[in-house]
Amino acid sequence: MNRRSFLRGVGGAALGLPLLHAMGPRRGRAAGAGGFPRRFIAFFSSQGVIRSQWAPSGTGPAFELSPILAPLADHKADLLVLSGIDMDVAYLPGGNAHQKGMGATLTGRGLLTSGPNASYASGISVDQRMAQALPAETRFRSLELGVNVPRTITPEMRMSYTGPGQPLPPEDDPFALFTRLFGDGADPEAAARRRAQRETVLAAVKASYQRLEARVGAEDRQRLEAHAEAVRQVERRLVDLDAASCTPTAPDASFDPHVNENFPRVGQLQMDLIALALACDLTRVVTLQWSRAGSAMPFTWLGIPESHHSLAHAGDSDAAARQKLVAIETWYADQLAYLIAKLKEMPEGDGSVFDNTTILWFSDISKGNDHSRKAMPHILAGSCGGALRTGRHVQYSGKQHNDLLVSLLNAMEVPDTTFGDPDYCSGPLPDLT
Amino acid sequence: MRCVVTLLACVACTGCVGSVEGPPADPGPTCGVPAFTPFRRLTRHEYDRTVRDLLGDDSAPADAFPPEEDVRGFDNNAGALTMSDRLAEAYLGAAEALAEHAIADVDRLTGCAADTMHDACARAFIDAFGARAFRRPLDEEERAVLATVYATGAAQWDHATGIRLVLEAMLQSPQFLYRIEMGEPGGDGWSRPTPWEMASRLSYLFWGSMPDEELFAAARAGRLSTPDELEAHARRLLADPRAAEHIAHFHEQWLGVRDMGGVDKDDEVYPDFSPELVPSMQEEVRRFTVSVFTEGSGTVEELLTATYSFVDEPLAAYYGVGGVTGGGFHRVDFDPTRHAGLLTLGGVLATNALPTETSPILRGKFVQERLLCNTLPSPPDDIEIVPPDPDASLTTRERFEQHRADPLCAGCHDLMDPIGFGFEHYDGAGRWRDDENGLPIDDSGALVASDVDGAFVGPVELGRKLAGSAQVQTCVATHWFEVAHGRSATPEDACSIDQLEARLAETGGDLRELLVALVRTDAFRYRASGGAP
């Protein structure tokens with residue numbers, strides 16, 4: 001298998017990928033069209049949308065894209081625009097509106113109301129449920145990525161959870177991410193030596209945790225066990241590294257990923273890496289969090305100096321502010337279009353990785369100035385191996401966000417019938433498949 | 001099985017070295033049993049300092065670790081810290097990098113003479129270095145585990161590799177990454193930290209790092225149990241330069257300037273501001289607050305009323321302060337009618353503002369939450385929240401006054417805005433301004449929900465009011481208590497906190513005496529026996 005397909009990889013650099021479709025379909029339950037694995041990407045941007053500029057006209061297959069969604073025109077047939085889904089679970093008590101929205105989006109649960117983890121979500125998120133339930137065939141059970149996520153951590157910064165009050169930190173440094181995904185280019189002999197040495201060290205480390213766990217109280221034991229489990233996952237990941245399958249060129253670490261002006265460049269690099277990670281089957285579950293809920297960043301590259309949060313709180317009659325918000329939201333649609341295009345570039349079977357993927361574009365609230373969590377702006381892109389019937393605008397009434405999460409689990413072949421707070425879930429959404 | 005019941009079990013337990021024949025029976029806590037704290041994982045700040053003291057390595061690898069969950073501004077609430085695969089990977093990467101660097105001179109690391117047999121050298125290294133890494137002597141099983149790591153490394157590769165792998169294992173073990181406390185027998189529901197554990201409590205409280213040789217020696221001798229012994233060490237540690245760094249860390253967190261990455265200012269509105277100023281502003285906060293402790297009175301009053309600060313050349317130019325040339329930071333005096341200690345530090349005011357304007361809300365919130373420890377409720381869920389329209393013919397204050405007229409909003413905003421108005425002579429980028437776009441500024445304000453409510457004009461008067469507030473004293477004492485113990489204060493801690501407040505009152509608000517008093521409290525000298533196994 002010596003032929004390589006030269007594609008645009010990270011930051012536009014040419015990279016060599018083996019022809020994955022020539023390797024044949026993979027084993028495993030989550031098999032899409034042609035037996036390839038299905039993938040899920042959660043794509044978050046904050047503070048909702050200007051509804052009148054977001055909502056498509058027409059429903060069903062004959063719908064017209066709105067101004068905000070115009071950048072997705074090339075991919076219209078791959079979209080499922082979902083209107084009218086409420087996220088009522090995010091009205092339960094426990095924090096401010098952004099925290100409630102952010103906490104509920106992937107967990108379908110309310111927030112913890114007491115303890116040191118108060119205002120964090122009270123349950124596991126859908127991406128982690130997938131990571132748990134899918135066969136452990138990939139090096140990473142999941143990847144949590146971000147773009148310039150602030151480093152003072154409050155619940156607005158976290159959307160992915162392994163359990164109640166157990167958030168996962170997104171990786172927002174694409175250069176560090178590259179090394180985690182593809183290694184540092186060590187030659188096979190050095191890599192093998194390092195692998196053997198790590199096995200020795202980590203065996204001793206695991207033994208230390210085990211020994212201590214047996215001698216402590218329940219709460220400390222839980223924490224030590226969580227740590228030991230993380231060590232086991234890392235060991236699996238590092239020791240099982242098959243360096244030969246994917247060897248893209250590392251991007252030039254030439255700019256600071258935490259400077260506001262670099263937000264677009266970081267976002268694109270992260271999306272390049274997502275496409276590579278999925279194509280190389282390093283993972284099948286990814287979350288990408290742009291900034292944070294209630295983001296205060298200014299979109300200076302769009303000529304907008306005010307903080308996003310300030311703009312989002314403009315009154316409904318403030319035309320100038322609304323115009324800027326539409327520009328921001330359209331820019332995010334453009335980023336989604338970039339990600340879709342990148343995934344379509346990655347060949348798989350007779351089509352592309354995108355054919356076996358679905359991306360959910362979502363937000364913590366639906367409307368900035370009143371923090372509404374009704375009629376959330378949901379977009380799905382990609383049929384997830386044919387599980388979803390795309391190319392439509394579906395208008396729902398009286399349906400809950402949790403049901404969408406169940407549908408996503410089912411699309412990834414996790415047969416759960418409920419997810420998150422059961423009081424807010426009645427099963428998968430109708431009319432998606 | 002914890003070290004609780006019999007002497008035999010105690011001797012076998014690592015935490016009990018040196019405590020078999022102790023001083024006369026300790027009556028235990030008179031204040032009530034302190035609340036349970038889970039094992040305290042080292043924060044990034046503590047990890048970096050610990051490896052610097054352990055290995056002489058100041059590469060600060062923990063700066064790249066995922067950040068800790070923030071509780072009331074602080075990074076070390078033990079119950080809030082979560083684990084992730086990413087963090088475990090980061091620990092591995094850091095351990096490998098630190099070990100690789102350390103074995104560049106393996107003989108220096110192990111301290112073995114050139115003619116020592118490698119096996120004996122490894123054994124001695126595991127014992128001596130291990131006791132420093134784990135902050136207490138190792139037990140037989142711990143030695144055996146590490147000896148196996150060495151043996152494998154040395155056999156398959158070489159002596160240096162064996163040592164390196166031992167070091168990597170130590171740096172990822174729970175005995176290094178967590179401050180494990182098993183305690184020694186006490187009484188009903190309570191136990192005492194062992195002398196080794198007490199040594200760590202002292203060093204992490206004052207230095208954010210591992211104990212030094214003197215503390216280890218005291219632990220080895222079974223000391224560190226009486227309040228006077230603890231106080232003597234506390235004063236010694238406080239006088240050490242390492243304490244200054246840790247005090248700076250407390251203040252940069254308390255004042256919310258530790259991470260100013262999200263502080264962006266509009267070029268057109270604030271053309272003189274640049275992101276390059278941010279590190280200088282952060283350093284100004286650190287130097288000013290430390291100076292109050294090391295050169296000044298160490299009081300809350302001075303923190304709130306000082307008319308001096310520390311600036312480098314860029315900051316001096318930005319603030320318009322003359323006479324500062326050359327590198328480094330210099331102490332400068334400001335206009336005493338305008339400057340009020342931490343209330344008017346550029347970093348604090350720029351953080352509590354927006355990219356294009358000031359924010360009376362954020363500044364009022366800062367005073368309420370950080371200085372008065374009042375918890376403000378979240379905005380209501382179901383109303384439209386619209387800030388005042390931009391209007392160049394009105395000042396910020398005037399725009400907000402109109403907004404506050406709405407009774408639905410006023411309830412909460414009356415807690416914040418009137419305080420925030422008092423800062424209006426400081427613009428959104430942390431600098432004094434004489435007017436707002438040519439309009440005169442009214443910086444009269446009103447303090448509410450405090451024990452010193454009332455009107456004031458400008459930050460200097462606000463600073464004086466807050467300096468006289470018992471609520472502020474309690475708030476600061478509580479923050480230090482929470483940082484000391486890695487948890488929120490509970491009703492069981494009321495008595496310990498009362499002791500701290502009393503000490504503050506009798507010393508005229510001297511925070512240095514507060515820090516020393518911390519080690520005499522029941523909360524510090526005792527611990528809950530922990531949950532059921």
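The basis for the numbers below is simple: all heavy atoms, side chains too, and nothing from hydrogens, waters or symmetry mates. Each chain gets a letter, A, B and so on, in the order the sequences are listed, and its residues count up from 1.
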> Looking at the rings of A:H227 and B:F39, which for Trp means the six-membered one, are their centres under 6.0 Å apart?
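A:H227 vs B:F39: aromatic centres not under 6.0 Å.
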
> Determine which residues belonging to residues 167-175 of chain A lie within contact range of chain B, meaning some heavy atom pair is under 4.5 Å apart, and list them by number or answer 'none'.
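So far as heavy atoms go, A:P167, A:L168, A:P169, A:P170, A:E171 are the residues that approach chain B to under 4.5 Å.
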
> Please flag which part of B:S488 lies under 4.5 Å from any non-hydrogen atom of chain A: side chain, backbone, both or neither.
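No part of B:S488 comes within 4.5 Å of chain A.
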
> Does B:L354 reach the side chain of A:S310, with side-chain heavy atoms less than 4.5 Å apart?
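They are in side-chain contact.
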
> How close do A:P305 and B:D266 get, counting heavy atoms only, and between which atoms?
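That would be CB-OD1, 2.8 Å.
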
> Is atom CD of A:E225 surrounded by more than 12 heavy atoms (other residues, nucleotides or ligands) closer than 6.0 Å?
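Result for CD/A:E225: enclosed.
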
> Could you check which of A:R180, A:K367, A:Q166 has the highest count of heavy-atom pairs closer than 4.5 Å to chain B?
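Answer, by heavy-atom pair count under 4.5 Å with chain B: A:R180.
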
> Specify which of A:M157, A:Q99, A:K100, A:R194 makes the most heavy-atom pairs with chain B at under 4.5 Å.
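Most heavy-atom pairs under 4.5 Å with chain B: A:K100.
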
> For chain B, which candidate among A:R232, A:H258, A:Q233 shows the most heavy-atom pairs at distances under 4.5 Å?
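The candidate making the most pairs under 4.5 Å is A:Q233.
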
> At a 4.5 Å cut-off on heavy atoms, which part of B:V149 comes close to chain A: side chain, backbone, both, or neither?
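For B:V149, backbone and side chain are both near chain A.
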
> With only heavy atoms counted, which part of B:L177 is less than 4.5 Å from chain A, the side chain, the backbone, both or neither?
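When you check distances to chain A, only side chain atoms of B:L177 fall under 4.5 Å.
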
> Is A:T200 in contact with chain B via its backbone, its side chain, both, or neither, using a 4.5 Å heavy-atom distance?
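Answer is both: backbone and side chain atoms of A:T200 are under 4.5 Å from chain B.
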
> Please flag which part of B:F65 lies under 4.5 Å from any non-hydrogen atom of chain A: side chain, backbone, both or neither.
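Contact with chain A: backbone only.
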
> Considering residues, nucleotides and ligands other than B:D267, do more than 12 of their heavy atoms fall under 6.0 Å from its CG?
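Atom CG in B:D267 is not crowded, with 12 or fewer foreign heavy atoms closer than 6.0 Å.
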
> I'd like to know if the side chain of A:N117 and the backbone of B:A80 have a donor-acceptor N/O pair within less than 3.5 Å.
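Checked: pair present.
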
> Hey, what do you get for CE (B:M83) to CZ (A:R223), rounding to the nearest 0.5 Å?
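Reported to 0.5 Å precision, the distance equals 11.5 Å.
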
> If you count heavy-atom pairs under 4.5 Å with chain A, which of B:P38, B:P377, B:P66 comes out on top?
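Looking at each option in turn, the highest pair count goes to B:P38.
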
> Just jot down the salt bridge (Lys or Arg N to Asp or Glu O under 4.0 Å) partners of B:R370, sequence neighbours excluded, or say none.
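Salt bridge (Lys or Arg N to Asp or Glu O under 4.0 Å) check on B:R370 returns nothing, list empty.
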
> Can you tell me how far the OG atom of B:S84 sits from the CD atom of A:E229, to the nearest 0.5 Å?
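Answer rounded to 0.5 Å: 12.5 Å.
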
> Determine the option with the most heavy-atom pairs under 4.5 angstrom with chain A, choosing from B:A169, B:G79, B:A88.
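Top count of heavy-atom pairs under 4.5 Å with chain A: B:G79.
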
> Might you point out which heavy atoms bring B:V145 and A:A204 nearest each other, and give the distance in Å?
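Distance-wise, the nearest heavy atoms are CG1-CB, 3.6 Å.
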
> Within a strict 4.5 Å, meaning less than it, do heavy atoms of the A:V205 and B:Y91 side chains meet?
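Sidechains of B:Y91 and A:V205: no contact.
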
> Let me confirm one number: the CG-CD1 distance from A:L212 to B:I180, rounded to the nearest 0.5 Å.
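Those atoms lie 4.5 Å apart.
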
> Is the shortest side-chain heavy-atom distance between A:V201 and B:L165 below 4.5 Å?
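They are in side-chain contact.
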
> Of the backbone (N, CA, C, O) and the side chain (C-beta and beyond), which part of A:K206 lies under 4.5 Å from a heavy atom of chain B, both, or neither?
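Contact with chain B is absent: no heavy atom of A:K206 under 4.5 Å.
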
> When you compare the side chain of A:R211 with that of B:E142, does any pair of heavy atoms fall below 4.5 Å?
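A side-chain contact under 4.5 Å exists here.
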
> Which bit of A:R193 comes within less than 4.5 Å of chain B, counting heavy atoms only: side chain, backbone, both or neither?
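Contact with chain B is through both the backbone and side chain of A:R193.
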
> Can you confirm whether A:Q222 is buried at CD, in the sense that more than 12 heavy atoms of other residues, nucleotides or ligands lie under 6.0 Å from that atom?
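Check fails, neighbour count at 12 or below.
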
> Quick one: do the A:Q197 and B:R164 side chains pair a donor with an acceptor below 3.5 Å?
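Short answer, yes.
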
> Which one, A:P298, A:S291, A:P150, leads in non-hydrogen pairs under 4.5 Å with chain B?
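So the answer, after comparing A:P298, A:S291, A:P150, is A:P298.
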
> Going by heavy atoms in the side chains, are A:V231 and B:Q172 under 4.5 Å from each other?
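The answer is no, as the side chains (C-beta and beyond) never meet within the 4.5 Å cut-off.
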
> Evaluate the side-chain proximity of A:L224 to B:P174: yes if any heavy-atom separation is below 4.5 Å, no if none is.
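A side-chain contact under 4.5 Å exists here.
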
> Decide yes or no for A:S208 and B:Q175: does some side-chain heavy atom of the first lie under 4.5 Å from some side-chain heavy atom of the second?
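They are in side-chain contact.
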
> Which answer fits B:A78, side chain, backbone, both or neither, if we ask what part of it has an atom under 4.5 Å from a heavy atom of chain A?
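Just the backbone, heavy atoms under 4.5 Å.
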
> Pick one of side chain, backbone, both or neither for A:F140, based on which atoms fall under 4.5 Å of a heavy atom in chain B.
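Contact with chain B involves the side chain of A:F140 alone.
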
> With the threshold set at 4.0 Å, does a side-chain nitrogen-carboxylate oxygen contact exist between A:R198 and B:E96?
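Judged by the 4.0 Å cut-off on N to carboxylate O distance, A:R198 and B:E96 do form a salt bridge.
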
> Please name the pair of heavy atoms, one in A:A196 and one in B:W157, separated by the smallest distance, quoted to 0.1 Å.
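So the minimum-distance heavy-atom pair works out to CB-CH2, 3.9 Å.
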
> Measure the spacing between CG of B:D264 and OG1 of A:T300 and express it to the nearest 0.5 Å.
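Rounded to the nearest 0.5 Å, the CG-OG1 separation comes out at 7.5 Å.
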
> On a heavy-atom basis, which atom in B:N77 and which in A:P116 lie closest, and how many Å separate them?
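It is OD1-CB, 3.5 Å.
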
> Given a strict heavy-atom distance threshold of 4.5 Å, which part of A:A314 is in contact with chain B: side chain, backbone, both, or neither?
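For A:A314, the backbone is the part near chain B, not the side chain.
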
> Which residues satisfy the salt bridge (Lys or Arg N to Asp or Glu O under 4.0 Å) test with B:R143, sequence neighbours excluded?
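Once residues adjacent in sequence are excluded, the partners of B:R143 under the salt bridge (Lys or Arg N to Asp or Glu O under 4.0 Å) criterion are B:D127, B:E140.
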
> Considering only heavy atoms, which portion of A:A176 lies under 4.5 Å from any heavy atom of chain B: side chain, backbone, both, or neither?
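Neither the backbone nor the side chain of A:A176 comes within 4.5 Å of chain B.
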
> Top residue by heavy-atom pair count (under 4.5 Å) with chain A, among B:R41, B:R86, B:E268?
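It is B:R86.
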
> For the pair B:E68 and A:I153, evaluate side chain to side chain contact (heavy atoms under 4.5 Å, CB included) and give the outcome as yes or no after the intermediate values.
CA-CA 7 Å; B:E68 294 83 17; A:I153 306 309; over 6 Å; no

> Go through A:H371, A:R158, A:R373, A:H313 and name the one with the most non-hydrogen pairs under 4.5 angstrom from chain B.
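Option with the greatest count: A:H313.
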
> Which value, rounded to the nearest 0.5 Å, describes the distance between A:S119 atom OG and B:E69 atom CD?
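Between A:S119 OG and B:E69 CD, I get 13.0 Å after rounding to 0.5 Å.
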
> How about NZ on B:K365, more than 12 heavy atoms from neighbouring residues, nucleotides or ligands closer than 6.0 Å, or not?
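For B:K365, atom NZ is not crowded (no more than 12 foreign heavy atoms under 6.0 Å).
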
> Please collect all salt bridge (Lys or Arg N to Asp or Glu O under 4.0 Å) contacts where either partner lies in residues 75-85 of chain B, sequence neighbours excluded, each pair once.
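Listed by first then second residue: A:R141-B:D85, A:R237-B:D85, B:D75-B:R258.
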
